[in-house]
*Asks:* 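Got a structure for you, questions after.
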Amino acid sequence: MSDVFVSYARENSEFVDRLAEGLKERGREVWVDRGGIEPSDRWMQSVREAIERSEAVLFVLSVDSLASKVCAEELEHAVSLNKRLIPVCIEEPPDHAEIPSYLRELSWIMMRPGDDFEAGVEEILRALDTDLEVARAHTRILVRAKAWELAERRTSPLLRGDELRAAEDWLSRAGSRGGPQPTELQRDFVVASRHAATRRQRILLAGVSVALAVAVALSIFALIERGQAIHSQKLAQSRQLAAGAESNLAADASLSTLLALRALRVSYTSQAEMALRDALTRVQTLGVLTGHTDALNRAAFSPDGSRIVTASSDRTARAWNARTGRQETILRGHAALVESAAFSPDGSRVVTASVDGTARIWDARTGR
């Protein structure tokens, strides 16, 4: 890309050479068609492309350039692209000269033979620097839009990501700060880029949704598989414990009972149930405490394990010898069923609780 394209008549070549040299000395890239086009190139097409890739078009205004058909074509192409025009007047046109309205409306930089040449160059530089970033964006987007048009408006050359956001920002501000107005092609190009980006985003979201659904389905499947694996593991563990209960039945019925109970807690199996039934038929009862005339609600050992206290719906609590099963004390006094009974930490007292709304403390030996 170049900073400025120079449109001029061949009769003004000497001035253009001097002007181009002055701009180049000040670090500007100038496109002048003489010597810049290979003989095999289609000349006018190369000129149009050079205009498209330039930030501004400098028109050397003279009697000869106003009469030049080539200069008119260059100006028309620049205007169609909304390129910034910088008219540099080197010769006053006669009153009868036909000057295009888009040139007549602009402020000319006067660089006639009697004018200060260096001051004119500085004025051109100031014009080039006016809103330079907007002008560069205009050129950059125009070049991309032209490539898109040459590709028959296929999606591959469209803008994406930061480039698209910058182009949309430029499009919203273009022309408001004195810079070149966007062309219809540029507008179409930016809009098409946004539509393509939106489509890509929708496709991406759809893909993410599908991937998420697959991931959820796989997670559910994995949980089901894990649940089945845990269930199978528990069944195997329950059967193993039941087998242990059966093998210990003859030698130790109590251990067999504990193993069968453990097997049922891990997981119900018919083997575990049968093992428990077999073990219970072998367990020897150490003692039976009889005497209550209604349902038994609670039973508890004393701290030293030598005594048992029971609470019954027959309105009494009773203390028993844990080794012999002999009844030692009957605790009477509640007006309704006794829900619970327990020994004190030293075993000397018993506390009972009843639905009659009272709790009572008793001497564990005398029943007082």
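Just so you know, these numbers use all the heavy atoms, side chains as well, and skip hydrogens, waters and symmetry mates.
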*Asks:* Examine the side chains of S267 and H231 and answer whether a donor and an acceptor come within less than 3.5 Å of each other.
*Replies:*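 No, H231 and S267 have no side-chain donor paired with an acceptor closer than 3.5 Å.
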
*Asks:* In this structure, are over 12 heavy atoms from other groups packed under 6.0 Å from Q240 atom CD?
*Replies:*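 Not buried by this count: 12 neighbours or fewer within 6.0 Å.
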
*Asks:* Linking I/L/V/M/F/W/Y whenever any side-chain heavy atoms sit under 4.5 Å apart, do V70 and V47 land together?
*Replies:* yes

*Asks:* Does a sphere of radius 6.0 Å around OH in Y268 hold more than 12 heavy atoms from other residues, nucleotides or ligands, not counting ones at 6.0 Å or beyond?
*Replies:*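 Result for OH/Y268: enclosed.
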
*Asks:* Would you find more than 12 non-hydrogen atoms of other residues, nucleotides or ligands less than 6.0 Å from L218 atom CG?
*Replies:*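 Correct, the count exceeds 12.
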
*Asks:* Within the 4.5 Å heavy-atom criterion, are T329 and R307 side-chain neighbours or not?
*Replies:*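 Side chain of T329 against side chain of R307, heavy atoms only: contact under 4.5 Å found.
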
*Asks:* Looking only at atom types and distance, does a side-chain atom of D304 sit under 3.5 Å from a main-chain N or O of G347, one as donor and one as acceptor?
*Replies:*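 It does not hold such a pair.
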
*Asks:* For the pair D278 and L280, evaluate side chain to side chain contact (heavy atoms under 4.5 Å, CB included) and give the outcome as yes or no after the intermediate values.
*Replies:* CA-CA 6 Å; D278 291 342; L280 289 176; over 6 Å; no

*Asks:* State whether the number of non-hydrogen atoms from other residues, nucleotides or ligands found under 6.0 Å of R26 atom CZ is greater than 12.
*Replies:*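 Check passes, neighbour count above 12.
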
*Asks:* Would R18 and F117 count as a cation-pi pair here, with the cationic atom under 6.0 angstrom from the ring centre and within 45° of the axis?
*Replies:* yes

*Asks:* Measure from NZ or CZ of R10 to the centre of the six-membered ring of Y8 and say whether it is under 6.0 Å with the direction within 45° of the ring axis.
*Replies:*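 Judged by the rule, R10 and Y8 form a cation-pi pair.
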
*Asks:* Would you say the side chain of E74 lies within less than 4.5 Å of the side chain of H77, judging by non-hydrogen atoms?
*Replies:* no

*Asks:* Check the pair R298 / E339 against side chain to side chain contact (heavy atoms under 4.5 Å, CB included), numbers first and verdict last.
*Replies:* CA-CA 7 Å; R298 183 66 179 251; E339 285 189 308; over 6 Å; no

*Asks:* Using the rule that two of Ile, Leu, Val, Met, Phe, Trp, Tyr join whenever any of their side-chain heavy atoms come within less than 4.5 Å, decide whether L289 and W362 are in one cluster.
*Replies:*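 In one cluster: no.
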
*Asks:* Does any non-hydrogen side-chain atom of L331 lie less than 4.5 Å from one of R360?
*Replies:* no

*Asks:* Below 4.0 angstrom, N of the basic side chain to O of the carboxylate: do R112 and E91 qualify?
*Replies:*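 Result for this pair is no, no salt bridge flagged.
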
*Asks:* So does M44 have more than 12 non-hydrogen atoms from other groups sitting under 6.0 Å from CE?
*Replies:*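 More than 12 within 6.0 Å, yes.
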
*Asks:* According to the salt bridge (Lys or Arg N to Asp or Glu O under 4.0 Å) rule, which pairs have a member within residues 256-275, sequence neighbours left out?
*Replies:* E273-R277

*Asks:* Would L276 and L264 count as a side chain to side chain contact (heavy atoms under 4.5 Å, CB included) here? Give the steps.
*Replies:* CA-CA 9 Å; L276 181 60; L264 285 172; 3.6 Å; yes

*Asks:* Check for a donor-acceptor pair, side chain of D116 on one end and backbone N or O of A119 on the other, with a separation under 3.5 Å.
*Replies:* yes

*Asks:* Would you please say whether a donor-acceptor pair under 3.5 Å links the side chains of S312 and D294?
*Replies:*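 There is no such pair between these side chains.
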
*Asks:* How far apart are the C-alpha atoms of L85 and Y102, what are their side-chain angles, what is the distance that settles it, and do they pass the side chain to side chain contact (heavy atoms under 4.5 Å, CB included) test?
*Replies:* CA-CA 9 Å; L85 294 180; Y102 48 78; 3.8 Å; yes

*Asks:* Should K83 and F5 count as side-chain neighbours, where that means a heavy-atom distance under 4.5 Å?
*Replies:*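 K83 does not reach F5 side chain to side chain.
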
*Asks:* Judged by atom type as modelled, is there a donor-acceptor pair below 3.5 Å linking the side chain of R318 to the main-chain atoms of E328?
*Replies:* no

